[in-house]
Amino acid sequence: LIADANTRLAAAANARAPRRALEGPRQALAAVDVRVQKAGEAMKADDYLSARASLQGVKDRIARVMKVLGPSGAQSSRRTR
């Protein structure tokens, strides 16, 4: 999900969306990345309860960012013959 959200953010940036419109999703994804990194460090230290706590609500935040960014531009608008 994180990779898909980052892909959508990059596509929106490449489509020259206003910077202010992308600032919120960019900050939200940065916060998600920090929490995932914390969870990874906790798992390396065998502190699974702390890892689980730091991942609480991450999926919902990613889903909100993806909703704001809209559908991915994976499909081409080119016609086929």
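What you see is a predicted model, and the numbers here were worked out from it, not measured in a lab. For this chain, numbers begin at 1 and follow the sequence in order.
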**Student:** I want to check something: taking the side chain as every heavy atom from C-beta on, are Arg64 and Arg61 in contact at a cut-off of under 4.5 Å?
**Tutor:** yes
**Student:** How close do Ala21 and Pro25 get, heavy atom to heavy atom, and via which atoms?
**Tutor:** O-CD, 3.4 Å
**Student:** Check whether any side-chain heavy atom of Asp4 lies under 4.5 Å from a side-chain heavy atom of Ile62, and answer yes or no.
**Tutor:** no
**Student:** So, taking the atom named OG in Ser50 and the one named CE in Met43, what distance separates them when rounded to the nearest 0.5 Å?
**Tutor:** 11.0 Å
**Student:** Please test Gln37 against Glu41 for side-chain hydrogen bond (donor to acceptor under 3.5 Å, both in side chains), starting from the C-alpha separation and ending with a verdict.
**Tutor:** CA-CA 6 Å; Gln37 292 296 324; Glu41 291 173 9; over 6 Å; no
**Student:** Do the side chains of Leu1 and Met66 get nearer than 4.5 Å, heavy atoms only?
**Tutor:** yes
**Student:** Distance from Leu69 atom CG to Arg26 atom CZ, nearest 0.5 Å?
**Tutor:** 10.0 Å
**Student:** For Gln56, is there any backbone N or O sitting under 3.5 Å from a side-chain donor or acceptor partner on Arg35?
**Tutor:** yes
**Student:** Let me confirm one number: the CD1-NZ distance from Ile2 to Lys59, rounded to the nearest 0.5 Å.
**Tutor:** 12.0 Å
**Student:** Return the CG to CG distance between Leu9 and Asn14, rounded to the nearest 0.5 Å.
**Tutor:** 9.5 Å
**Student:** Nearest 0.5 Å please: distance from the CG atom of Leu29 over to the CG atom of Leu22.
**Tutor:** 10.5 Å
